[in-house]
Amino acid sequence: MKTVVLEVRSLADTLADAARAMNSGRADAATRIGFATPELLWQVLSAKRWELLKALCGAGPVSIREAARRVGRDVKAVHGDVTALLQAGVLTRPADGSAGIEFPFDAVKVEFLLQAA
């Protein structure tokens with residue numbers, strides 16, 4: 001199962017993990033996409049976008065029109081959400097160069113720690 005971990009972490013921590021993976025020659029088992037703050041994560045991952053990810057999870061490449069049909073929303077609104085998710089690296093374009101979008105994961109894990117100030 002291909003899992004993506006959406007997490008809140010600093011750039012320094014992300015770079016340290018990348019350096020550790022390069023030095024050891026071993027990558028993490030899961031793909032990780034980091035956000036600088038919880039607010040940024042929730043801004044990018046709104047309720048409508050989460051619904052879109054659930055509809056695309058494990059589906060393979062689909063057109064934006066098909067993605068909109070799956071979630072019962074307007075194509076223009078879904079296009080805006082797709083653009084934001086592409087910019088954040090959560091969605092991708094199909095590797096074969098065909099048109100459409102892809103959420104190339106079977107599972108999503110969201111991680112962040114909320115601490116008292």
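Between H79 atom NE2 and I101 atom CD1 the span is 9.5 Å, to the nearest 0.5 Å. Expressed to the nearest 0.5 Å, how far CD of E51 lies from CG of L53 amounts to 10.5 Å. Taking CH2 from W50 and CG from L6, the interatomic distance works out to 7.0 Å, rounded to the nearest 0.5 Å. For the atom pair CZ of R32 and OG1 of T3, the computed distance is 10.5 Å after rounding to the nearest 0.5 Å.
The pair K109-E7 fails the salt-bridge criterion, with no side-chain N (NZ, NE, NH1 or NH2) lying under 4.0 Å from an Asp/Glu carboxylate O. The pair E66-R69 meets the salt-bridge criterion, since a charged nitrogen lies less than 4.0 angstrom from a carboxylate oxygen.
In this structure, V5 is not a member of the same hydrophobic cluster as L40, with clusters built from ILVMFWY side-chain heavy atoms closer than 4.5 Å.
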Stepwise, does the side-chain contact (heavy atoms from CB on, under 4.5 Å) test hold for V4 with V90? CA-CA 9 Å; V4 62; V90 178; over 6 Å; no
Could you please spell out the steps behind the side-chain contact (heavy atoms from CB on, under 4.5 Å) verdict for R93 and E102? CA-CA 6 Å; R93 297 287 182 187; E102 184 174 17; over 6 Å; no
side-chain contact (heavy atoms from CB on, under 4.5 Å) assessment of L52 paired with F103: CA-CA 10 Å; L52 183 59; F103 184 61; over 6 Å; no
side-chain contact (heavy atoms from CB on, under 4.5 Å) between L86 and V82, intermediate numbers included: CA-CA 6 Å; L86 283 167; V82 163; 3.7 Å; yes
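Among all heavy-atom pairs drawn from P94 and A99, the shortest one is CG-O, 4.0 Å. For D96 against S98, the heavy-atom pair with the smallest separation is OD1-OG, 2.6 Å.
The shortest side-chain heavy-atom distance between F105 and T31 falls under the 4.5 Å cut-off. For the pair V110 and W42, the minimum side-chain heavy-atom distance is below 4.5 Å. Taking 4.5 Å as the limit, every side-chain heavy atom of V78 sits out of range of all side-chain heavy atoms of K48. Using a 4.5 Å heavy-atom cutoff, the side chains of V108 and K54 are not in contact.
At distances below 3.5 Å, at least one donor-acceptor pair connects side-chain atoms of R49 with backbone N or O atoms of Q43. Here the side chain of D106 pairs no donor or acceptor atom with the backbone of G58 at under 3.5 angstrom.
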